[in-house]
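Reading through the structure tokens given below for one structure.
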Amino acid sequence: MTTKVLLSVEDYAALDEPEGVRYELSEGELIVTPSPNFFHNQIRDEFNARLRAFVKSEKLGSVISEMDFKLVGATVRRPDVAFISAHRLRNIDLEQVPLPVAPDLAIEIVSKNDRAADLLLKVSQYLAAGTRAVWLFYPNTRLAYCYLPGKLEPEVRSAHAGHTFEEPELRPGFSIPLDQVFE
């Protein structure tokens, strides 16, 4: 029988990531995943650029990719794209890694190696830490799932049906048709 070795957030922060892998920490357990593929990165970068331009123009806060966020306990997650409101940015030390706050919005682009149970655990960790919305984008099916605190079922949106990505409470006035997200 093997014993699981659990890490602290400090242990995690001291790790060197080898090229080609990504680390996250889930309740003390080190999660190792391969680097995302070209299409994953293309969707992330396009989405990040559009959201960042809007957030910056409206002075709503900041948008960042691939940043470590300390959630509850010994959990550190690295969303593909994250939004942090200007109000919350004023109250944190931006030099810290991981950032000692959950993002207001966490966006994950689902890869073929992601398992449903792991994704749902990740969503619950974000929401438990105070994230106000978590979006999972599935490029293969062109579907997006929006998870909100206190709601048991996600809202599902489809690029095929002409739905949009929007979170009016977090970013009033920002909307992107999902078919543009998945181009």
Side-chain angles (χ1 to χ4, degrees), residues 1-37 40-41 43-45 47-48 51-52 55 61-138 144-155 167 169-170:
M1 177 183 276
T2 60
T3 304
K4 233 187 241 186
V5 176
L6 299 180
L7 300 177
S8 69
V9 173
E10 293 77 20
D11 295 334
Y12 170 84
L15 293 173
D16 280 331
E17 277 184 350
E19 192 167 327
V21 299
R22 294 172 23 158
Y23 291 155
E24 289 185 327
L25 192 64
S26 179
E27 300 168 5
E29 184 178 347
L30 185 64
I31 307 297
V32 181
T33 58
S35 290
N37 67 29
H40 177 283
N41 287 336
I43 291 169
R44 180 203 60 214
D45 292 349
F47 194 83
N48 185 10
L51 184 57
R52 178 178 289 170
V55 165
S62 189
V63 175
I64 192 86
S65 289
E66 304 293 333
M67 181 74 205
D68 285 347
F69 290 88
K70 182 183 179 320
L71 304 180
V72 176
T75 299
V76 177
R77 291 298 187 171
R78 184 182 298 176
D80 292 310
V81 179
F83 164 74
I84 310 167
S85 66
H87 169 72
R88 292 182 68 209
L89 281 170
R90 285 191 289 269
N91 298 320
I92 60 175
D93 176 3
L94 298 176
E95 294 289 328
Q96 286 187 316
V97 178
L99 282 180
V101 64
D104 290 288
L105 168 69
I107 296 170
E108 298 282 356
I109 290 89
V110 178
S111 298
K112 65 180 180 180
N113 60 331
D114 288 326
R115 295 182 341 189
D118 296 336
L119 290 167
L120 292 176
L121 174 60
K122 189 183 286 195
V123 167
S124 69
Q125 290 169 335
Y126 282 126
L127 295 176
T131 299
R132 296 171 50 197
V134 179
W135 281 76
L136 301 181
F137 288 95
Y138 289 81
Y145 290 68
C146 174
Y147 295 85
L148 301 170
K151 290 195 174 185
L152 295 177
E153 297 292 325
E155 181 179 324
E167 282 295 336
E169 286 185 29
L170 295 177

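Please read these numbers as outputs of a predicted model, since none were measured by experiment.
For the atom pair CG of D93 and CG of L99, the computed distance is 8.5 Å after rounding to the nearest 0.5 Å. Note that CG of N48 and CD of E66 are 9.5 Å apart. Values are rounded to the nearest 0.5 Å. Note: K112 NZ to H40 NE2 = 12.5 Å, rounded to the nearest 0.5 Å. Distance check, rounded to the nearest 0.5 Å: CG of L51 to CD1 of I107 gives 5.5 Å. Distance CG/N113 to CG/D118: 9.5 Å, rounded to 0.5 Å. In this structure, the separation between CG on L6 and CD on E27 is 9.5 Å, given to the nearest 0.5 Å.
With a 4.5 Å cut-off on side-chain heavy atoms, K70 and V101 do not count as touching. The side-chain heavy atoms of L148 and C146, taken from C-beta on, include a pair separated by under 4.5 Å. Using a 4.5 Å heavy-atom threshold, the side chains of F47 and D45 count as separate. In this structure the side chain of T33 never reaches within 4.5 angstrom of the side chain of Y23, judged on heavy atoms. With a 4.5 Å cut-off on side-chain heavy atoms, V123 and L127 count as touching. Counting heavy atoms from C-beta on, the side chains of V81 and R44 come closer than 4.5 Å.
In E153, the CD atom is not crowded: 12 or fewer heavy atoms of neighbouring residues, nucleotides or ligands sit closer than 6.0 Å.
Considering all non-hydrogen atoms of both residues, P103 and I84 come closest at CA-CG1, 4.4 Å. Residues A129 and A102 come closest through the heavy atom pair O-CB, 3.5 Å. Heavy atoms only, all atoms of each residue included: T131 and A106 are closest at CG2-N, 3.9 Å. Here the closest non-hydrogen pair linking A74 and V9 is CA-CG2, 3.9 Å.
A side-chain N or O of R77 and one of S26 form a donor-acceptor pair less than 3.5 Å apart. Looking at D68 and Y12, their side chains do bring a donor and an acceptor atom within 3.5 Å of each other. Checking E108 against Y126 by side-chain atom types alone, a donor-acceptor pair falls below 3.5 Å.
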Inset, instruction - Determine, step by step, whether L25 and E29 satisfy the side-chain contact (heavy atoms from CB on, under 4.5 Å) criterion, reporting the C-alpha distance in whole Å, the side-chain angles of both residues, the deciding distance to 0.1 Å, and the verdict. - result: CA-CA 5 Å; L25 192 64; E29 184 178 347; 5.8 Å; no

Inset, instruction - Take W135 and E167, measure what side-chain contact (heavy atoms from CB on, under 4.5 Å) needs, and give me the verdict at the end. - result: CA-CA 10 Å; W135 281 76; E167 282 295 336; 2.8 Å; yes

Inset, instruction - I would like to know whether F83 and V55 meet side-chain contact (heavy atoms from CB on, under 4.5 Å); could you show each step before the answer? - result: CA-CA 9 Å; F83 164 74; V55 165; 3.7 Å; yes

Legend entry - Full working for side-chain contact (heavy atoms from CB on, under 4.5 Å) between L30 and L15: CA-CA 10 Å; L30 185 64; L15 293 173; 3.8 Å; yes

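In this structure a side-chain-to-backbone donor-acceptor pair under 3.5 Å is missing from Q125 to V72. Checking side-chain atoms of E24 against main-chain N and O of I31 turns up no donor-acceptor pair under 3.5 Å. In this structure, S65 contributes its side chain and D80 its backbone to a donor-acceptor pair below 3.5 Å. In terms of modelled atom types and a separation under 3.5 Å, the side chain of R52 and the main chain of V63 share a donor-acceptor contact.
Residues Y145 and F137 keep their aromatic ring centres 6.0 Å or farther apart.
When the options D114, I109, V110 are evaluated for a side-chain contact (heavy atoms from CB on, under 4.5 Å) with Y138, the one that passes is V110.
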